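Working notes, structure below.
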Amino acid sequence: MVDLFRKYLQNNISRTELQELMDYVGQPDNRAEMIALIRSALTDDHISPDQAEQLHQLLDGLDSHVLNRVKAMAEGAERKVWIKRRRVAYLRVAAVLAVALSVGAAFYLYRHETADNTVQIPQLADIQPGGNRAILVVEGGETIVLDSTQLGVKVEPGVIRYEGGALVTQVSEGEAGIQYATLTTPRGGQYQVTLPDGSNVWLNAASSLRYPVRFTGDTREVELEGEGYFEVAANKHQPFIVKSKQQAVEVLGTKFNINVYENEGAPATTLLEGAVRLVQASDRNNRRELQPGQQAVIRDGRIQVKPVNVSYYTSWKDGKFTFDRIGLSVVLRQIERWYDVEFEYDKAIPEVPLWGTLSRNVLLSELLQALEINTGYQFKREGRKVIMSQ
């Protein structure tokens, strides 16, 4: 079992081997040995943060009943009948599976080996994941479709360049009138921008950031729609302000994520480092200060603050979907924005809470297969429309 466990950690295990490992772990007499293996692996200096998190989650959820159910799902035995009769239990197992198998949830579905036990995934006419795509509009200037082979752009005195150094366009920064630029990502796009003060912003899909090509005055102000992750350069003499329709976030130097997608309802600001002050746009007297590890949500005219695991809200910029008991409808909206697809489903279908990690770099078919395993729903694609059924 040690060899199988090592293959599991290295994401190099076949479906048959996975079933064998789950079968072994599912036996109560083997539970102590499995716990010892996990704890031993956690002491390895070469273990990655993702693997460590994976092992902690597996250790927390190690239960013979749960793992036997995981085995049953891997084998596909009596799947549909059991889903209908034991919805709550299934969801609990689905969540454990999504975390235990790390990036890509049920990663054995994603492997493409030559062995006879390989799970083959149709590739024909599949939909690719999103990538580096954006449009830059310089007010009073031009509209530029940015190079998809570049990660981002940076604003320098008089010019905007790609991160690699190539010229994008020239800009005016004279006192008579500071030019503004707007970086917009489509559905299925993301991009980065280094602002003139050295602050860095990552834009998620279907988002935009409006900013001056030179910061003047007492503040540094930008405007955000959609979602952005910010690493702000410290300047106590010139606070940095991120404005959106419902709020303004004031900072000096910090790392934080803002999600103000209109179809997500409540704006959410998540703080990683430093400190920020959140001010409600409709009532500037309604303000709250956040500390690292906290998230503020504006709902029903109130700013609600709670502690969160910040990695769940920032992993998108590192190529992952990460969920913490997130409802299926929220997950589907994230997939829609990243793959530029539309889900069609019965609004009366109960929500499925999901937690775990999925890669943002796999084909849509692979992602949908992982969702089928972890939710019990079926997904049928017709072009860029995905029909969901029970």
Side-chain angles (χ1 to χ4, degrees), residues 129-148 150-156 159-163 168-169 171-173 178-215 219-233 240-251 255-270 276 278-279 281 298 313-314 316-317 319 330 333-342 360:
N132 296 322
R133 292 192 286 272
I135 294 174
L136 180 67
V137 177
V138 180
E139 296 180 8
E142 55 188 324
T143 298
I144 304 165
V145 178
L146 294 174
D147 189 343
S148 61
Q150 298 284 335
L151 294 177
V153 295
K154 55 183 178 180
V155 184
E156 298 178 347
V159 297
I160 297 177
R161 298 184 183 277
Y162 288 113
E163 289 290 343
V168 177
T169 186
V171 293
S172 172
E173 56 173 10
I178 299 298
Q179 269 190 306
Y180 280 80
T182 301
L183 182 67
T184 300
T185 56
R187 288 162 59 106
Q190 65 181 16
Y191 226 74
Q192 301 175 25
V193 57
T194 301
L195 298 174
D197 64 338
S199 297
N200 292 299
V201 185
W202 287 255
L203 276 187
N204 206 347
S207 303
S208 69
L209 184 76
R210 182 176 183 267
Y211 57 90
V213 299
R214 182 166 67 90
F215 288 119
T219 60
R220 297 168 286 168
E221 296 187 8
V222 300
E223 300 173 20
L224 173 71
E225 294 181 5
E227 184 169 23
Y229 173 82
F230 294 77
E231 292 186 354
V232 175
F240 192 97
I241 300 175
V242 183
K243 291 185 174 182
S244 58
K245 287 184 178 180
Q246 299 188 50
Q247 65 181 31
V249 177
E250 302 174 358
V251 304
K255 298 179 181 180
F256 57 97
N257 191 84
I258 298 178
N259 183 328
V260 289
Y261 286 118
E262 292 190 5
N263 64 352
E264 295 297 350
T269 301
T270 307
V276 302
L278 186 70
V279 182
I298 297 180
Y313 303 94
T314 61
W316 61 266
K317 77 178 186 66
V330 177
R333 287 196 294 271
Q334 292 190 27
I335 295 172
E336 284 180 331
R337 287 191 290 263
W338 186 235
Y339 287 86
D340 190 17
V341 295
E342 295 286 347
R360 279 166 54 110

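Computed from a predicted structure; not experimentally measured. Excluded from the calculations below are hydrogen atoms, water molecules and symmetry mates; all remaining heavy atoms, backbone and side chain alike, are included.
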Is it true that Lys245 and Glu262 have a side-chain N and a carboxylate O under 4.0 angstrom from each other?
-> yes
Out of curiosity, Asn200 CG to Lys317 NZ, how far, rounded to the nearest 0.5 Å?
-> 9.5 Å
How far apart are the closest heavy atoms of Arg161 and Val168, and which atoms are they?
-> C-CG2, 3.6 Å
Distance, nearest 0.5 Å, that separates CD of Glu336 from CD of Glu342 | 5.0 Å
Taking all non-hydrogen atoms of both residues into account, name the closest pair between Arg220 and Ala233 and its distance.
-> NH1-O, 2.9 Å
Would you say Val138 and Val213 make side-chain contact, with heavy atoms under 4.5 Å?
-> no
Just by distance, do the side chain of Gln179 and the backbone of Ser172 share a donor-acceptor pair under 3.5 Å?
-> yes
Kindly give the heavy-atom pair with the smallest separation between Gln247 and Pro267, and that separation in Å.
-> OE1-CB, 3.7 Å
Return the minimal non-hydrogen interatomic distance between Leu203 and Leu209, and the atom names on each side.
-> CD1-N, 3.8 Å
Specify the closest pair of heavy atoms between Gly188 and Ala205, including all atoms of both residues, with the distance to one decimal.
-> N-CB, 3.9 Å
Indicate yes or no for a side-chain donor-acceptor contact from Thr185 to the backbone of Asn204 under 3.5 Å, with no hydrogens or angles considered.
-> yes
Between atom CD of Gln334 and atom CZ of Arg360, what is the distance when rounded to the nearest 0.5 Å?
-> 8.0 Å
With side chain to side chain contact (heavy atoms under 4.5 Å, CB included) as the test, would you mind laying out the steps for Glu221 and Phe215 before giving the verdict?
-> CA-CA 8 Å; Glu221 296 187 8; Phe215 288 119; 6.0 Å; no
Go through the steps for Val201 and Tyr211 under the test side chain to side chain contact (heavy atoms under 4.5 Å, CB included), then give the verdict.
-> CA-CA 11 Å; Val201 185; Tyr211 57 90; over 6 Å; no
Hey, which of Lys154, Glu231, Glu163 is the one that makes side chain to side chain donor-acceptor pair (under 3.5 Å) with Thr194?
-> Glu163
At what distance, to the nearest 0.5 angstrom, does CG of Leu136 lie from CG of Leu183?
-> 6.0 Å
When you measure from the side chain of Ser244 to the backbone N and O of Glu225, does any donor-acceptor pair fall under 3.5 Å?
-> no
Validate the cation-pi geometry between Arg333 and Tyr261: distance from NZ or CZ to the six-membered ring centre under 6.0 Å, angle to the ring axis within 45°.
-> no
Out of Val276, Thr314, Leu278, which one pairs with Phe256 under the side-chain contact (heavy atoms from CB on, under 4.5 Å) rule?
-> Val276
Say you draw a straight line from CG of Leu151 to CD of Gln192; how long is it, rounded to the nearest 0.5 Å?
-> 5.5 Å
Would you check if Asp340 and Arg133 make a side-chain contact, meaning some heavy-atom pair closer than 4.5 Å?
-> no
Side-chain heavy atoms of Leu224 within contact of Phe230, under 4.5 Å | yes
Please confirm whether the backbone N or O of Glu227 pairs with a side-chain atom of Ser207, one donor and one acceptor, at under 3.5 Å?
-> yes
ring-ring contact (aromatic ring centres under 6.0 Å, His included) partners of Phe240, counting only residues at least two apart | none
Tyr162 side chain to Asp147 backbone, donor-acceptor under 3.5 Å = yes
State whether a side-chain donor-acceptor pair under 3.5 Å links Asn132 with Gln150.
-> no
Closest approach of Tyr191 to Gly152 (non-hydrogen atoms, all atoms of both residues) | CE2-CA, 3.4 Å
Look up atom NZ in Lys243 and atom CD in Glu250, then write down how far apart they are to the nearest 0.5 Å.
-> 9.5 Å
